[in-house]
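I have placed the structure first, in the form of structure tokens, so that the comments after it can refer back to it.
So you know, we letter chains A, B, ... as the sequences are listed, proteins then strands, and number each from 1.
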2 protein chains.
Amino acid sequence: MHSKRLSRPMGRSEQLLFLTDEQLRQGIELMFFAYRGFTADPDRILENYAYGRAHHRAIHFINRTPGLTVNDLLDILGVTKQSLNRVLRQLVTDGLVESRVGTQDRRQRNLYLTDEGIALERELSAAQRARMRKAYSNAGPEAVHGFRTVLEQMIDPAMREKLLNEGGGS
Amino acid sequence: MHSKRLSRPMGRSEQLLFLTDEQLRQGIELMFFAYRGFTADPDRILENYAYGRAHHRAIHFINRTPGLTVNDLLDILGVTKQSLNRVLRQLVTDGLVESRVGTQDRRQRNLYLTDEGIALERELSAAQRARMRKAYSNAGPEAVHGFRTVLEQMIDPAMREKLLNEGGGS
DNA sequence: CTTGGAAAGTCAACAAGACTGACATAAACT
DNA sequence: AGTTTATGTCAGTCTTGTTGACTTTCCAAG
């Protein structure tokens with residue numbers, strides 16, 4: 001255990017980390033309320049389009065990695081193909097997502113946002129980034145680093161590896 | 001780390017915080033994946049009881065504040081009373097929650113966990129605390145402080161006030 | 001005291017978005 | 001040729017949200 005030293009004197013590591021059940025409970029509730037705040041803005045926007053969080057997630061990751069396959073998206077989102085397919089079909093029908101037959105492997109479908117899809121993605125991510133930016137600014141750079149460090153630890157190990165194999169940590 | 005160039009000169013705080021869209025996007029995805037990890041353990045446990053996340057939330061907050069009214073819980077959870085009522089009815093029927101008619105105002109119902117309810121709450125929160133404890137330990141005390149600071153900033157202001165009026169600062 | 005409105009809670013019906021299972025098609029692999 | 005893989009679809013179920021209509025209880029104005 002790599003324990004960072006604090007400026008003030010401390011006892012055992014439990015004390016250092018304030019790992020009482022009460023402290024942990026506060027952390028748990030913080031996650032709950034913060035996640036709700038985090039999704040509030042996009043949820044409001046999506047109501048105007050008769051879409052839901054599922055559509056947002058699909059749009060987000062297609063935007064991040066244009067040309068990814070349905071299977072790639074399935075791995076990221078962790079839902080069933082039937083569930084994803086309903087959402088994807090709507091987005092393709094509505095002209096927000098384009099599904100092109102793969103070039104090397106023609107069983108695959110490569111997914112891309114259309115101009116309209118890009119426009120919605122911008123609207124959604126702008127709102128979410130604004131909230132994130134405000135939270136970061138108010139908290140300060142040291143806090144942001146800690147925020148990221150703890151959150152990374154909370155991700156399921158298998159998923160964390162996948163992310164590191166592409167996103168490239170800071 | 002590929003640093004993006006901005007079109008305008010950065011203000012001091014922005015420079016410090018690296019608030020590029022790419023950095024913010026990483027924060028957004030971190031929230032998404034971390035929240036999924038955060039709820040994974042309870043979700044697994046709840047399957048054995050044919051309950052869902054909604055039941056977990058109700059149980060959690062009844063345990064935290066025994067005797068709270070349905071309206072109190074409604075304010076915390078931010079769902080409709082009809083939605084909460086279904087969940088609550090199941091829990092009462094199954095003998096995990098007791099609903100006592102209010103003493104001063106008999107329209108109200110004060111909610112308490114039964115021994116069985118307390119047992120399930122323990123099982124769920126033990127799993128969640130274990131994950132939180134591990135994340136905290138791996139990240140270190142300074143990171144934990146930053147984590148809490150940023151998350152607090154992400155909560156909707158109205159909700160944050162409510163929490164401060166009871167939970168007390170760290 | 002009565003009455004009318006507001007508040008708390010309940011019942012019923014419906015919708016979004018997860019799930020499973022079965023099956024179809026096309027392409028790739030062996 | 002036969003099997004596996006990638007994708008898509010149909011049908012049905014479950015959880016958990018929603019709205020609308022309703023009862024019971026409380027309180028306050030007449």
Side-chain angles (χ1 to χ4, degrees), chain A residues 32 35-36 39-40 42-60 62 67-94 97-112, chain B residues 32 35-36 39-40 42-62 67-94 97-112 124:
Chain A
F32 171 65
Y35 194 76
R36 197 162 66 190
T39 56
D43 285 353
R44 253 190 304 277
I45 293 168
L46 288 159
E47 278 176 20
N48 305 328
Y49 297 85
Y51 290 143
R53 239 176 249 184
H55 303 83
H56 182 191
R57 292 196 281 260
I59 288 173
H60 173 95
I62 294 172
L68 91 174
T69 67
V70 173
N71 241 352
D72 293 338
L73 198 46
L74 245 24
D75 283 348
I76 292 171
L77 297 177
V79 299
T80 58
K81 64 175 179 174
Q82 294 91 331
S83 188
L84 175 59
N85 189 254
R86 185 177 354 92
V87 166
L88 231 37
R89 197 167 48 210
Q90 287 177 270
L91 292 172
V92 169
T93 301
D94 296 354
V97 167
E98 194 189 348
S99 168
R100 294 185 211 151
V101 172
T103 48
Q104 327 101 315
D105 187 336
R106 297 197 346 206
R107 291 171 302 181
Q108 297 182 338
R109 298 291 178 274
N110 296 108
L111 303 171
Y112 301 88
Chain B
F32 171 65
Y35 194 76
R36 197 161 67 186
T39 56
D43 285 354
R44 253 191 303 276
I45 293 168
L46 288 158
E47 277 176 20
N48 305 328
Y49 296 85
Y51 290 143
R53 241 178 246 185
H55 303 84
H56 182 191
R57 292 197 281 260
I59 288 173
H60 174 94
F61 287 107
I62 295 172
L68 89 174
T69 66
V70 173
N71 237 356
D72 294 337
L73 199 47
L74 244 25
D75 283 348
I76 293 171
L77 298 178
V79 297
T80 58
K81 61 182 178 173
Q82 295 91 329
S83 185
L84 174 58
N85 188 254
R86 186 178 344 95
V87 166
L88 233 35
R89 197 168 47 213
Q90 288 176 272
L91 292 172
V92 168
T93 301
D94 296 353
V97 167
E98 194 188 349
S99 167
R100 295 185 209 152
V101 172
T103 48
Q104 325 101 316
D105 188 335
R106 294 193 350 204
R107 290 172 300 183
Q108 298 181 337
R109 300 288 180 275
N110 296 106
L111 302 171
Y112 301 88
L124 291 169

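Under 4.0 angstrom from either OP1 or OP2 of D:dG17 there lies at least one side-chain N or O belonging to B:R57. OP1 or OP2 of D:dT16 lies within a sub-4.0 Å distance of a side-chain N or O belonging to B:H55. For C:dG17, the OP1/OP2 oxygens have no side-chain nitrogen or oxygen of A:S83 closer than 4.0 Å. Distances shorter than 4.0 Å separate none of the side-chain N or O atoms of B:N71 from OP1 or OP2 on C:dA7.
When heavy atoms are screened at a 4.0 angstrom cut-off, A:Q104 is found touching the sugar-phosphate backbone but no base atom.
If you check distances only, the side chain of A:R86 does reach the base of C:dA18 with a donor-acceptor pair under 3.5 Å. No hydrogens or angles were tested; on distance alone, nothing pairs the side chain of B:Q82 with the base of C:dG9 as donor and acceptor under 3.5 Å.
The interatomic distance linking B:L74 (CG) with C:dT10 (C1') rounds to 13 Å, in whole Å. Atom-to-atom, CG of B:L84 to C1' of D:dT15 comes out at 14 Å; the value is rounded to the nearest Å. Rounded to whole Å, the distance from CG on B:L73 to P on C:dT10 is 12 Å. Following rounding to the nearest Å, A:K81 (NZ) and C:dA22 (P) show an atom-to-atom distance of 13 Å. Here C:dA18 presents its P atom at 10 Å from CZ of A:R53, a figure rounded to the nearest Å. In this structure, B:R109 atom CZ and D:dT24 atom P are separated by 11 Å, rounded to whole Å. Taking atom CD on B:Q90 and atom P on C:dT10, their separation rounds to 13 Å, with Å as the unit. Put simply, CG on B:L111 is 9 Å from P on C:dT10, counting in whole angstrom units.
Using a distance-only test at 3.5 Å, with no hydrogens or angles considered, no donor-acceptor pair links the side chain of B:D43 to the main chain of B:A40. Looking at B:R36, its side chain does come within 3.5 Å of a backbone N or O of A:L77 through a donor-acceptor pair.
Looking only at atom types and distance, the side chain of A:D94 has a donor-acceptor partner in the side chain of A:Y51 under 3.5 Å away.
The 5' end of DNA chain C is approached more closely, in terms of each residue's nearest nucleotide, by B:V70 than by the other of B:V70 and A:A50. Comparing B:R89 and A:R106 along DNA chain C, the residue whose closest nucleotide (by nearest heavy atom) sits nearer the 5' end is B:R89. Comparing A:D105 and A:N85 along DNA chain D, the residue whose closest nucleotide (by nearest heavy atom) sits nearer the 5' end is A:D105.
For the pair B:R100 and B:Y112, the cation-pi criterion (under 6.0 Å, within 45° of the ring axis) is fulfilled.
Taking the side chain of B:R107 as heavy atoms from C-beta on, and the options D:dA6, D:dT16, C:dA6, the nearest nucleotide is C:dA6. Looking at the side chain of B:A54, the nearest of the listed nucleotides D:dG17, D:dG8, C:dG9 is D:dG17.
The side chain to side chain contact (heavy atoms under 4.5 Å, CB included) test with A:V79 is passed by exactly one of A:V87, A:N85, A:L84: A:L84.
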